[in-house]
J.: 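Please see the structure below; I have some questions.
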Amino acid sequence: MWICPRCHTENRDADTACEACGAARAAGRFASPPQRPQQRISRPAQPPRVTAPSPVQETAEAPAAPARGGYQAPEFRASKPRRRRAPLLTLSRWVGGILCLALPALTLLLAWRQRQTLFSALTPLLLGPDAPAWQGWTAFGVLALTGALLSLLPGLWTLLLARRTQKE
């Protein structure tokens, strides 16, 4: 007896394909069918057994009959057809991408346009009134970069939700 790797049905050792699903028996050391000695008496060839397809495999193509030696070539399947994406998922990906680009750019543009006002308000608050200018500009740059990274989050969340919805 051998067990089909696809549907886990027990089959006879002489069978080269599964009786239930039609999957070919793997050709290997322990999975190959026993070889019968050649007989001199010629017998008429028997037609291959036809089994009723299971409801799960109605759309699948039936496997070809095994070759004379009992070995069947492995099945090669064409690449899977591309599924048509839902338009809402495509839209959410585009929106997420635009948000990932636009929001940090707008945050940095706002920080640059209002740099003098923000610098004069933040430097005494963070570093004290007698801090050197280079420390103030460094702190302002770190805060602007932090704001840009935080403004990236809505776009990343949108992309993450679109990807998660696509897998389900």
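Atoms considered below: every heavy atom in the structure, side chains included; atoms not considered: hydrogens, waters and symmetry mates.
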J.: Which heavy-atom pair separates Thr9 from Cys18 by the least distance, and what is that distance?
T.: CB-SG, 4.1 Å
J.: Is the backbone N or O of Gly128 less than 3.5 Å from a side-chain atom of Asp130, with the two atoms forming a donor-acceptor pair by type?
T.: no
J.: Taking the side chain as every heavy atom from C-beta outward, state whether Pro104 and Leu149 have any pair of such atoms under 4.5 Å apart.
T.: no
J.: Evaluate side chain to side chain contact (heavy atoms under 4.5 Å, CB included) for Cys100 paired with Leu156, printing each intermediate quantity in order.
T.: CA-CA 6 Å; Cys100 280; Leu156 290 177; 3.8 Å; yes
J.: Taking all heavy atoms of His8 and all of Pro5, pick out the closest pair and write down the distance.
T.: CE1-O, 3.7 Å
J.: Atom CZ of Phe140 and atom OG1 of Thr123: how far apart are they, to the nearest 0.5 Å?
T.: 8.5 Å
J.: Which heavy atom of Cys7 sits nearest to which heavy atom of Cys4, and what is that distance?
T.: N-SG, 3.5 Å
J.: Locate the shortest heavy-atom distance separating Ala148 from Thr107; write the atom from each residue and the value.
T.: N-CG2, 3.8 Å
J.: Do the side chains of Leu99 and Leu101 join up, straight or via other hydrophobic residues, at under 4.5 Å, putting them in one cluster?
T.: no
J.: In terms of heavy-atom contacts, does CD of Glu10 have more than 12 from other residues, nucleotides or ligands at under 6.0 Å?
T.: no
J.: Anything under 30° is parallel, anything over 60° is perpendicular, the rest tilted; go ahead and classify Trp137 against Phe119.
T.: parallel
J.: Do Leu89 and Thr165 come close enough that some side-chain heavy atom pair is under 4.5 Å?
T.: yes
J.: For residues Arg25 and Asp13, determine if any side-chain heavy atom of one lies less than 4.5 Å from a side-chain heavy atom of the other.
T.: yes
J.: Are Leu118 and Leu145 grouped together when hydrophobic residues (ILVMFWY) are joined by side-chain heavy atoms under 4.5 angstrom apart?
T.: no
J.: Excluding sequence neighbours, so at least two apart, what forms ring pair (Phe, Tyr, Trp, His ring centres under 6.0 Å) with Trp94?
T.: none
J.: Which atoms form the tightest heavy-atom contact between Thr16 and Trp2, and what is the distance?
T.: C-CZ2, 4.5 Å
J.: Roughly how far, to the nearest 0.5 Å, is the CZ atom of Arg163 from the OG1 atom of Thr158?
T.: 15.0 Å
J.: Would Leu143 and Leu127 show up in the same hydrophobic cluster when neighbours are defined by side-chain heavy atoms closer than 4.5 Å?
T.: yes
J.: Could you check whether any side-chain heavy atom of Leu161 comes within less than 4.5 Å of a side-chain heavy atom of Ser92, counting everything from C-beta outward?
T.: no
J.: What is the distance from atom OG of Ser151 to atom CG of Leu110, rounded to the nearest 0.5 Å?
T.: 10.5 Å
